[in-house]
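One structure is given here, and the rest of the page talks about it.
Excluded from the calculations below are hydrogen atoms, water molecules and symmetry mates; all remaining heavy atoms, backbone and side chain alike, are included. Atoms within a ligand are numbered from 1 in the order they appear, just like the ligands themselves.
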Amino acid sequence: MPGYKLAIDGPAGSGKSTISSLIAKKLGWTHIDTGAMYRAVTLLAIELKIDLHDEASYRFLESAQIHYDFDRIYINDRDVTEAIRSESVTQNVSLVSSFPYVRKRLVELQQSAAKNGNIVMDGRDIGTVVLPNADLKIFLTANVEERAKRRYKENVKKGKQAQISQVIEDIVIRDQKDSTRKESPLRKASDAVELDTTFLTIEEVVNKIIELTDKKEINHGV
Ligand code: CDP
């Protein structure tokens with residue numbers, strides 16, 4: 001796999017997508033947000049009115065094109081970047097992403113998208129399953145109140161109404177589902193660097209990871 005592969009994992013609201021996108025822009029690398037891909041599958045499944053609990057009904061993925069490019073996500077060339085952030089998608093995405101069939105399809109897509117070039121990929125299983133040989137693996141954390149506060153601020157900015165207590169509950173439930181599922185649960189890879197971002201600004205986290213990237217380059221002689 002030519003190029004530098006940076007894997008960033010962590011729980012809901014730990015800042016993975018924002019930070020990965022900024023790192024990619026600063027370094028001129030390609031960012032792939034795998035959470036957006038699972039959300040896109042969830043959106044399509046809801047639109048197709050399939051039985052979300054029946055793994056066999058996700059066969060529609062055989063012909064669906066899901067594509068992440070420059071921080072936009074597309075289903076069959078339709079831009080769904082805003083639509084995948086809806087309440088119904090957020091509530092169902094952990095269920096949809098628990099099915100081995102769905103994961104297999106998306107992991108194939110992710111690995112093929114990461115083949116060439118310098119890549120920052122963020123998700124839940126990047127360091128453990130998708131890019132086990134990544135040059136650098138980061139596991140981002142933050143306490144649940146801080147993560148909920150960030151998500152709440154994002155929602156307010158987008159004009160969405162939500163109680164902070166509701167946001168905390170949603171995050172706790174999603175963390176629980178993501179880290180206890182059988183297939184590729186959210187977990188820190190043994191060789192990942194853990195970064196607690198509770199008291200760090202976005203810029204501090206971005207700079208810290210870029211610093212680690214430089215060090216790894218020297219170590220690997222890339
Ligand atoms: O809301 P947030 O940005 O934290 O989550 P996301 O990155 O958009 O991911 C949405 C959901 O997709 C997660 O809660 C997981 O259930 C699932 N996911 C996954 O299973 N594996 C990944 N590599 C990425 C996301």
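- Nearest heavy atoms, Ala142 versus Asp196: CA-OD1, 3.7 Å.
- If you check the side chains of His31 and Asp122, you find a donor sitting under 3.5 Å from an acceptor.
- Judged purely by distance below 3.5 Å, without hydrogens or angles, the side chains of Asn92 and Thr42 never pair a donor atom with an acceptor atom.
- Judged purely by atom type and a 3.5 angstrom limit, Lys177 has no side-chain atom pairing as donor or acceptor with the backbone of Val93.
- Side chains of Glu211 and Asn207: a donor-acceptor N/O pair is absent below 3.5 angstrom, by distance only.
- When heavy-atom distances to ligand 1 are checked against 4.0 Å, the residues falling inside are Ala12, Gly13, Lys16, Thr34, Gly35, Tyr38, Arg39, Arg85, Val93, Ser94, Ser97, Arg103, Gly123, Arg124, Asp125, Arg151, Arg174, Asp178, Arg181, ordered by chain and number.
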Check: Checking side-chain contact (heavy atoms from CB on, under 4.5 Å) for the pair Ile73/His67: CA distance, chi angles, key distance, verdict?
Finding: CA-CA 6 Å; Ile73 178 105; His67 178 65; over 6 Å; no
